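Accompanying notes for the structure given below.
Keep in mind that what you see is a predicted model, and the values were worked out from it rather than measured. The residues of the chain are indexed from 1 along the displayed sequence.
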Amino acid sequence: MTKENTGKILETLDKEYGTAKQGFVHTADWQLLTAIMLSAQSTDKQVDETLPGLWAAFPDMESVIKAPVEKLEEAIKSIGLYKVKARNIKKCCEMLWETYDRKVPTTIDELVKLPGVGRKTATLFLADAYGIPGVTVDTHVFRIAKRIGWASGSNPVQVEKELMNVLPKEHWNRINFQLIYHGRSVCTARKAKCENCILNKWCDFTAASAGPAEYSSPSDFNPA
(Lines give C-alpha, C1' and ligand atoms only; values in the text may rest on other atoms or scores of the structure.)
Protein backbone atom coordinates (compact mmCIF):
# COMPACT_ATOMS: atom_id res chain seq x y z
CA MET A 1 0.00 0.00 0.00
CA THR A 2 1.59 3.26 -1.15
CA LYS A 3 1.27 6.62 0.57
CA GLU A 4 -0.44 7.97 -2.55
CA ASN A 5 -3.07 5.21 -2.52
CA THR A 6 -3.63 5.70 1.20
CA GLY A 7 -4.35 9.37 0.53
CA LYS A 8 -6.86 8.45 -2.18
CA ILE A 9 -8.61 5.97 0.11
CA LEU A 10 -8.89 8.54 2.91
CA GLU A 11 -10.20 11.18 0.52
CA THR A 12 -12.81 8.72 -0.79
CA LEU A 13 -13.89 7.73 2.73
CA ASP A 14 -14.29 11.40 3.68
CA LYS A 15 -16.51 12.03 0.67
CA GLU A 16 -18.61 8.90 1.19
CA TYR A 17 -19.08 8.90 4.96
CA GLY A 18 -18.23 12.44 6.05
CA THR A 19 -15.65 13.64 8.55
CA ALA A 20 -17.83 14.28 11.61
CA LYS A 21 -19.42 11.59 13.73
CA GLN A 22 -22.83 12.19 15.25
CA GLY A 23 -22.34 11.70 18.98
CA PHE A 24 -24.61 10.13 21.56
CA VAL A 25 -27.05 12.33 23.49
CA HIS A 26 -25.50 13.36 26.81
CA THR A 27 -25.11 16.32 29.14
CA ALA A 28 -22.18 15.06 31.23
CA ASP A 29 -18.96 13.17 30.57
CA TRP A 30 -20.04 10.16 32.63
CA GLN A 31 -23.14 9.86 30.43
CA LEU A 32 -21.01 9.87 27.27
CA LEU A 33 -18.78 7.17 28.74
CA THR A 34 -21.88 5.15 29.65
CA ALA A 35 -23.27 5.48 26.13
CA ILE A 36 -20.01 4.28 24.60
CA MET A 37 -19.97 1.33 27.00
CA LEU A 38 -23.48 0.45 25.85
CA SER A 39 -22.44 0.59 22.20
CA ALA A 40 -20.06 -2.37 22.46
CA GLN A 41 -21.54 -5.24 20.41
CA SER A 42 -24.67 -3.13 19.83
CA THR A 43 -25.68 -0.69 17.10
CA ASP A 44 -25.68 3.08 17.53
CA LYS A 45 -29.39 2.99 16.67
CA GLN A 46 -30.11 0.69 19.63
CA VAL A 47 -28.15 2.97 21.94
CA ASP A 48 -29.80 6.14 20.61
CA GLU A 49 -33.25 4.64 21.24
CA THR A 50 -32.29 3.65 24.78
CA LEU A 51 -30.59 6.81 26.03
CA PRO A 52 -33.62 9.16 26.47
CA GLY A 53 -35.33 6.71 28.82
CA LEU A 54 -32.07 5.90 30.59
CA TRP A 55 -31.27 9.54 31.32
CA ALA A 56 -34.86 10.20 32.41
CA ALA A 57 -34.64 7.35 34.92
CA PHE A 58 -31.04 8.07 35.97
CA PRO A 59 -30.31 11.79 35.51
CA ASP A 60 -27.13 11.81 37.58
CA MET A 61 -24.35 9.53 38.75
CA GLU A 62 -25.73 9.30 42.27
CA SER A 63 -29.03 7.87 41.01
CA VAL A 64 -27.14 5.10 39.21
CA ILE A 65 -25.15 4.27 42.33
CA LYS A 66 -28.23 4.11 44.58
CA ALA A 67 -30.38 2.08 42.19
CA PRO A 68 -30.61 -1.73 42.33
CA VAL A 69 -28.79 -3.22 39.36
CA GLU A 70 -32.10 -4.76 38.24
CA LYS A 71 -33.47 -1.26 37.60
CA LEU A 72 -30.52 -0.50 35.33
CA GLU A 73 -31.03 -3.81 33.55
CA GLU A 74 -34.65 -2.92 32.88
CA ALA A 75 -33.68 0.46 31.43
CA ILE A 76 -31.17 -1.01 28.96
CA LYS A 77 -32.66 -4.44 28.25
CA SER A 78 -32.90 -3.76 24.50
CA ILE A 79 -29.09 -3.53 24.37
CA GLY A 80 -26.87 -6.56 23.79
CA LEU A 81 -25.25 -8.02 26.93
CA TYR A 82 -27.43 -5.72 29.03
CA LYS A 83 -26.96 -7.61 32.29
CA VAL A 84 -23.16 -7.41 32.12
CA LYS A 85 -23.30 -3.78 31.01
CA ALA A 86 -25.69 -2.81 33.81
CA ARG A 87 -23.30 -4.23 36.42
CA ASN A 88 -20.31 -2.52 34.81
CA ILE A 89 -22.06 0.84 34.53
CA LYS A 90 -23.03 0.75 38.21
CA LYS A 91 -19.51 -0.28 39.31
CA CYS A 92 -17.98 2.33 37.00
CA CYS A 93 -20.09 5.11 38.51
CA GLU A 94 -19.20 3.93 42.01
CA MET A 95 -15.50 4.07 41.16
CA LEU A 96 -15.82 7.50 39.55
CA TRP A 97 -17.61 8.75 42.67
CA GLU A 98 -15.21 7.24 45.21
CA THR A 99 -11.83 7.32 43.46
CA TYR A 100 -11.98 10.07 40.86
CA ASP A 101 -13.96 12.77 42.66
CA ARG A 102 -16.97 12.23 40.34
CA LYS A 103 -14.90 13.12 37.28
CA VAL A 104 -14.09 10.89 34.30
CA PRO A 105 -10.32 10.44 33.84
CA THR A 106 -8.72 12.01 30.79
CA THR A 107 -6.02 9.42 30.06
CA ILE A 108 -6.28 5.92 28.63
CA ASP A 109 -4.22 4.45 31.47
CA GLU A 110 -6.72 5.71 34.06
CA LEU A 111 -9.83 5.04 31.99
CA VAL A 112 -9.05 1.35 31.48
CA LYS A 113 -9.00 0.90 35.26
CA LEU A 114 -12.76 1.51 35.28
CA PRO A 115 -15.06 -1.56 35.21
CA GLY A 116 -16.24 -2.33 31.68
CA VAL A 117 -13.85 0.13 30.02
CA GLY A 118 -11.30 -1.34 27.63
CA ARG A 119 -8.85 0.40 25.35
CA LYS A 120 -11.41 0.75 22.55
CA THR A 121 -13.98 2.44 24.81
CA ALA A 122 -11.32 4.67 26.37
CA THR A 123 -9.99 5.83 23.00
CA LEU A 124 -13.49 6.55 21.70
CA PHE A 125 -14.35 8.51 24.82
CA LEU A 126 -11.24 10.69 24.61
CA ALA A 127 -11.89 11.35 20.93
CA ASP A 128 -15.59 12.19 21.38
CA ALA A 129 -15.26 14.12 24.63
CA TYR A 130 -12.05 16.05 24.05
CA GLY A 131 -11.04 15.51 20.42
CA ILE A 132 -7.87 13.72 21.52
CA PRO A 133 -6.49 11.86 18.49
CA GLY A 134 -6.58 8.08 18.74
CA VAL A 135 -7.15 5.06 16.53
CA THR A 136 -9.96 2.81 17.73
CA VAL A 137 -9.69 -0.78 16.49
CA ASP A 138 -12.95 -2.69 16.56
CA THR A 139 -13.70 -5.78 14.47
CA HIS A 140 -14.52 -3.71 11.36
CA VAL A 141 -11.35 -1.60 11.56
CA PHE A 142 -9.26 -4.68 12.28
CA ARG A 143 -10.67 -6.57 9.29
CA ILE A 144 -10.62 -3.76 6.73
CA ALA A 145 -7.20 -2.40 7.71
CA LYS A 146 -5.72 -5.82 7.00
CA ARG A 147 -7.65 -6.29 3.76
CA ILE A 148 -6.68 -2.87 2.42
CA GLY A 149 -3.04 -3.47 3.23
CA TRP A 150 -2.59 -0.95 6.02
CA ALA A 151 -1.81 -3.51 8.70
CA SER A 152 -0.66 -7.09 9.19
CA GLY A 153 -0.84 -7.45 12.98
CA SER A 154 -2.53 -10.42 14.60
CA ASN A 155 -4.26 -8.48 17.40
CA PRO A 156 -5.97 -5.09 17.84
CA VAL A 157 -3.07 -3.45 19.69
CA GLN A 158 -0.64 -4.30 16.88
CA VAL A 159 -3.07 -3.03 14.24
CA GLU A 160 -3.65 0.15 16.24
CA LYS A 161 0.09 0.90 16.25
CA GLU A 162 0.39 0.15 12.52
CA LEU A 163 -2.52 2.46 11.66
CA MET A 164 -1.05 5.26 13.75
CA ASN A 165 2.11 4.98 11.63
CA VAL A 166 0.25 4.80 8.32
CA LEU A 167 -2.55 7.34 8.76
CA PRO A 168 -2.19 11.12 9.21
CA LYS A 169 -3.13 12.09 12.76
CA GLU A 170 -6.08 14.21 11.55
CA HIS A 171 -7.72 11.02 10.27
CA TRP A 172 -7.30 8.92 13.41
CA ASN A 173 -10.57 9.80 15.12
CA ARG A 174 -12.78 9.45 12.08
CA ILE A 175 -11.31 6.29 10.57
CA ASN A 176 -13.24 4.21 13.10
CA PHE A 177 -16.76 5.31 12.20
CA GLN A 178 -15.93 5.45 8.49
CA LEU A 179 -14.72 1.85 8.45
CA ILE A 180 -17.63 0.73 10.64
CA TYR A 181 -20.07 2.08 8.05
CA HIS A 182 -18.04 0.55 5.22
CA GLY A 183 -17.69 -2.77 7.01
CA ARG A 184 -21.40 -3.09 7.70
CA SER A 185 -22.49 -2.36 4.15
CA VAL A 186 -19.69 -3.38 1.78
CA CYS A 187 -16.56 -4.95 3.27
CA THR A 188 -18.47 -7.43 5.42
CA ALA A 189 -16.89 -10.18 7.46
CA ARG A 190 -18.51 -13.06 5.59
CA LYS A 191 -17.99 -11.86 2.03
CA ALA A 192 -16.44 -8.65 0.80
CA LYS A 193 -18.48 -7.01 -1.97
CA CYS A 194 -15.40 -5.94 -3.89
CA GLU A 195 -17.25 -5.33 -7.15
CA ASN A 196 -19.32 -2.60 -5.45
CA CYS A 197 -16.54 -1.16 -3.29
CA ILE A 198 -15.50 2.47 -3.73
CA LEU A 199 -11.99 1.51 -2.57
CA ASN A 200 -11.39 -1.50 -4.80
CA LYS A 201 -8.96 0.20 -7.19
CA TRP A 202 -6.49 0.81 -4.32
CA CYS A 203 -7.18 -2.13 -2.02
CA ASP A 204 -4.79 -5.08 -1.72
CA PHE A 205 -7.66 -7.48 -1.17
CA THR A 206 -9.58 -9.03 -4.07
CA ALA A 207 -12.54 -11.39 -3.91
CA ALA A 208 -11.03 -13.48 -6.71
CA SER A 209 -7.92 -14.30 -4.73
CA ALA A 210 -9.59 -14.74 -1.35
CA GLY A 211 -12.80 -16.53 -2.27
CA PRO A 212 -15.75 -15.84 0.02
CA ALA A 213 -13.52 -14.00 2.50
CA GLU A 214 -14.75 -15.70 5.63
CA TYR A 215 -13.45 -13.96 8.70
CA SER A 216 -13.21 -14.44 12.44
CA SER A 217 -12.07 -11.96 15.06
CA PRO A 218 -8.80 -12.78 16.82
CA SER A 219 -9.31 -14.77 20.00
CA ASP A 220 -7.97 -11.94 22.19
CA PHE A 221 -10.28 -9.29 20.74
CA ASN A 222 -11.88 -7.19 23.51
CA PRO A 223 -15.19 -5.59 22.42
CA ALA A 224 -14.80 -2.89 25.09
Side-chain angles (χ1 to χ4, degrees), residues 20-44 46-48 50-51 54 61 64-65 72 76 79-82 84-145 151 153-180 183 217-224:
K21 172 186 173 185
Q22 183 175 358
F24 295 118
V25 174
H26 68 283
T27 57
D29 284 352
W30 74 269
Q31 291 181 333
L32 176 59
L33 181 62
T34 296
I36 295 173
M37 291 169 69
L38 290 175
S39 70
Q41 295 186 300
S42 298
T43 67
D44 287 357
Q46 287 175 311
V47 177
D48 286 335
T50 298
L51 291 181
L54 180 63
M61 201 183 301
V64 174
I65 294 170
L72 273 172
I76 64 171
I79 299 288
L81 303 176
Y82 73 95
V84 173
K85 290 177 181 178
R87 291 197 299 271
N88 282 336
I89 289 168
K90 185 175 176 65
K91 290 177 181 177
C92 181
C93 286
E94 290 171 347
M95 190 168 178
L96 290 174
W97 189 278
E98 296 169 2
T99 307
Y100 292 100
D101 193 27
R102 311 179 194 183
K103 298 180 178 66
V104 181
T106 57
T107 67
I108 287 182
D109 289 344
E110 290 298 316
L111 281 166
V112 296
K113 294 177 183 179
L114 298 170
V117 178
R119 189 172 183 87
K120 171 177 172 286
T121 296
T123 304
L124 275 177
F125 171 79
L126 293 176
D128 291 353
Y130 306 117
I132 296 174
V135 175
T136 307
V137 179
D138 67 357
T139 56
H140 295 290
V141 175
F142 184 88
R143 176 177 73 252
I144 298 174
S154 60
N155 63 64
V157 174
Q158 291 174 351
V159 171
E160 177 186 340
K161 291 178 180 178
E162 289 179 281
L163 288 177
M164 290 173 74
N165 286 328
V166 170
L167 304 179
K169 186 174 287 190
E170 61 267 24
H171 284 268
W172 288 3
N173 286 352
R174 62 182 181 262
I175 198 67
N176 175 254
F177 76 82
Q178 290 175 340
L179 293 190
I180 284 178
S217 299
S219 59
D220 63 346
F221 202 96
N222 182 355

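- The distance from the CG atom of Leu38 to the CG atom of Asp44 is 11.0 Å, given to the nearest 0.5 Å.
- Heavy atoms only, all atoms of each residue included: Leu167 and Trp172 are closest at O-NE1, 3.0 Å.
- Heavy-atom minimum distance, Pro105 versus Phe125: O-CE2, 3.9 Å.
- Crowding of Lys21 atom NZ: a count of heavy atoms from other residues, nucleotides or ligands under 6.0 Å exceeding 12.
- Of all the heavy atoms in Ile144 and Leu179, the pair that sits closest is CD1-O, 3.3 Å.
- Side-chain N or O atoms of Gln41 include none that pairs as donor or acceptor with a backbone N or O of Leu81 at under 3.5 Å.
- Contact check for Thr99 versus Leu114: no side-chain heavy atoms found under the 4.5 Å cut-off.
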Report task. List the steps and the verdict of side chain to side chain contact (heavy atoms under 4.5 Å, CB included) for Val141 and Thr136. Result -> CA-CA 8 Å; Val141 175; Thr136 307; over 6 Å; no
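- Annotation: side chain of Thr123 is not in contact with side chain of Val135 (no heavy-atom distance under 4.5 Å).
- Under a 3.5 Å cut-off, the side chain of Thr43 and the backbone N or O of Gln46 do form a donor-acceptor pair.
- Considering only heavy atoms from C-beta on, Thr121 comes within 4.5 Å of Leu33 through its side chain.
- Counting only distance, with no hydrogens or angles, the side chain of Gln158 and the backbone of Ser154 share a donor-acceptor pair below 3.5 Å.
- Expressed to the nearest 0.5 Å, how far CG of Asn155 lies from NZ of Lys161 amounts to 8.5 Å.
- The main-chain N or O of Ile36 is found under 3.5 Å from a side-chain atom of Ser39 such that the two form a donor-acceptor pair.
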Report task. Run the numbers on Leu111 and Leu126 for side chain to side chain contact (heavy atoms under 4.5 Å, CB included), then give the verdict. Result -> CA-CA 9 Å; Leu111 281 166; Leu126 293 176; 3.7 Å; yes
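- Here the CG atom belonging to Asp128 is positioned 9.0 Å from the CG atom belonging to Asn176, to the nearest 0.5 angstrom.
- Separation of atoms CZ (Arg87) and OH (Tyr82) is listed at 10.5 Å; rounding is to 0.5 Å.
- Under the 4.5 Å side-chain criterion, counting only non-hydrogen atoms from C-beta, Arg102 is not in contact with Leu96.
- Across all non-hydrogen atoms, the minimal contact from Gly134 to Asn173 is N-OD1, 2.9 Å.
- Distance check, rounded to the nearest 0.5 Å: NZ of Lys85 to CD1 of Ile79 gives 6.0 Å.
- Scanning both residues, Trp30 and Cys93, for their nearest heavy atoms gives CE3-SG, 4.0 Å.
- Counting all heavy atoms, side chain and backbone alike, Pro156 lies closest to Val137 at O-CG2, 3.8 Å.
- Checking each of Val47, Leu124, Val117 against Met37 for a side chain to side chain contact (heavy atoms under 4.5 Å, CB included) leaves exactly one that passes, namely Val117.
- Side-chain atoms of His26 come within 3.5 Å of backbone N or O of Phe24 as a donor-acceptor pair.
- Looking at Lys103 and Asp29, their side chains never come closer than 4.5 Å, going by heavy atoms from C-beta outward.
- Interatomic distance, Trp97 CH2 to Cys92 SG, rounded to the nearest 0.5 Å: 14.0 Å.
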Requested in this report: Assess whether side chain to side chain contact (heavy atoms under 4.5 Å, CB included) is satisfied between Met95 and Lys113, documenting all intermediate values.
Outcome: CA-CA 9 Å; Met95 190 168 178; Lys113 294 177 183 179; 4.2 Å; yes
